[in-house]
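Beneath this line is the structure, given in structure tokens, with notes to follow.
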Amino acid sequence: QQQVKQSPQSLIVQKGGISIINCAYENTAFDYFPWYQQFPGKGPALLIAIRPDVSEKKEGRFTISFNKSAKQFSLHIMDSQPGDSATYFCAARGSSGSARQLTFGSGTQLTVLP
Amino acid sequence: DAGITQSPRHKVTETGTPVTLRCHQTENHRYMYWYRQDPGHGLRLIHYSYGVKDTDKGEVSDGYSVSRSKTEDFLLTLESATSSQTSVYFCAISEGVPGELFFGEGSRLTVL
């Protein structure tokens with residue numbers, strides 16, 4: 001079974017601080033790594049994504065860092081804001097056949113204090 | 001927002017009763033998915049569809065069946081609900097091989 005392990009389970013950050021969420025995977029055949037953001041009562045929504053041939057991708061205050069050799073990737077939220085308070089899920093996609101579906105991490109509940 | 005409607009949004013039922021959740025999309029996307037979300041487990045794929053009458057199992061398919069008779073509708077059926085199926089169920093769609101998934105707002109099911 002493909003797995004993506006996510007940590008921490010919960011994270012509390014002061015406004016203006018940096019939030020860091022980490023994920024690790026085992027399957028070297030994963031070829032796409034998205035992050036989803038979910039607000040209470042809503043469905044998850046794609047936040048940012050990266051492919052394994054790139055080590056970093058930045059969109060505004062959100063950055064994915066990818067370490068292929070360590071099979072790890074992380075989400076960094078710079079200048080964290082109370083509006084960023086949400087649950088974040090990392091995910092990975094298999095590269096062939098029926099495995100070409102997203103496997104999600106267990107989620108990180110982020111709270112940004114004002 | 002992607003045109004995805006889930007119904008019902010909330011349901012309470014008793015063990016052993018059948019339950020059907022409906023997902024309706026207006027985007028004409030080929031792929032449709034059912035996930036369940038549970039604390040500590042994230043989102044787990046139950047079943048997915050890659051076209052009308054074309055479906056396949058996901059990671060946690062036991063106890064669930066699906067049907068897709070029209071592009072826009074994807075039904076999830078629990079033939080005999082159990083307490084372990086208490087969860088929040090999300091439908092998602094994608095235009096091609098995922099990719100970006102667009103999620104509905106979820107259906108909260110409680111099995112007593």
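Reminder, nothing fancy here: chain letters follow the sequence lines and each chain counts from 1.
Under a hydrophobic-cluster definition in which Ile, Leu, Val, Met, Phe, Trp and Tyr are linked whenever side-chain heavy atoms come within less than 4.5 Å, directly or via other members, A/Val13 and A/Ile20 are assigned to different clusters. Under the 4.5 Å side-chain heavy-atom criterion for Ile, Leu, Val, Met, Phe, Trp and Tyr, A/Ile18 and A/Leu11 are members of distinct hydrophobic clusters. In this structure, A/Ile77 is not a member of the same hydrophobic cluster as A/Leu113, with clusters built from ILVMFWY side-chain heavy atoms closer than 4.5 Å. A/Val112 and A/Ile12 are members of different hydrophobic clusters when ILVMFWY side chains are connected at heavy-atom separations under 4.5 Å. Clustering ILVMFWY residues whenever any of their side-chain heavy atoms sit less than 4.5 angstrom apart, transitively, puts B/Leu75 in a cluster other than the one holding B/Ile46.
Chosen from A/Gly105, A/Ala91, A/Gly107, the residue pairing most often with chain B at heavy-atom distances under 4.5 Å is A/Gly105.
Interface remark: B/Tyr50 contributes no atoms to any contact with chain A (heavy atom separation under 4.5 Å). Heavy atoms closer than 4.5 Å to chain A are found in the side chain of B/Arg9, but not in its backbone. When heavy atoms are compared at a cutoff of 4.5 Å, B/Gln37 approaches chain A solely by way of its side chain, counted from C-beta outward. Only the side chain of B/Leu45 comes within contact range of chain A, judged by heavy atoms closer than 4.5 Å.
To the nearest 0.5 angstrom, B/Leu43 atom CG is 10.0 Å from A/Thr87 atom OG1. Separating the CG atom in A/Leu46 from the CZ atom in B/Phe103 is a distance of 9.5 Å, to the nearest 0.5 Å. Note: A/Thr103 OG1 to B/Arg44 CZ = 12.0 Å, rounded to the nearest 0.5 Å.
By a heavy-atom distance cut of under 4.5 Å, A/Tyr36, A/Gln38, A/Gly41, A/Lys42, A/Gly43, A/Pro44 are the residues of residues 34-45 of chain A near chain B, going up by number.
Closest of all the heavy-atom pairs between A/Leu102 and B/Tyr35 is O-OH, 3.6 Å. Nearest heavy atoms, B/Gly40 versus A/Ser106: O-CB, 3.5 Å.
For A/Gln9, the CD atom sits in a loose shell: 12 or fewer heavy atoms of surrounding residues, nucleotides or ligands are nearer than 6.0 Å. Counting heavy-atom neighbours within 6.0 Å of B/Glu72 CD, excluding the residue itself, gives a total above 12.
Looking at heavy atoms from C-beta onward, B/Tyr48 lies in side-chain contact with A/Gln101 at the 4.5 angstrom threshold.
Partners of B/Arg22 under the salt bridge (charged side-chain N to carboxylate O under 4.0 Å, His left out) rule, at least two apart in sequence or in another chain, are B/Asp73. Partners of A/Glu59 under the salt bridge (charged side-chain N to carboxylate O under 4.0 Å, His left out) rule, at least two apart in sequence or in another chain, are A/Lys57.
Identified under the salt bridge (charged side-chain N to carboxylate O under 4.0 Å, His left out) test for residues 69-91 of chain A, with sequence neighbours left out: A/Arg61-A/Asp84.
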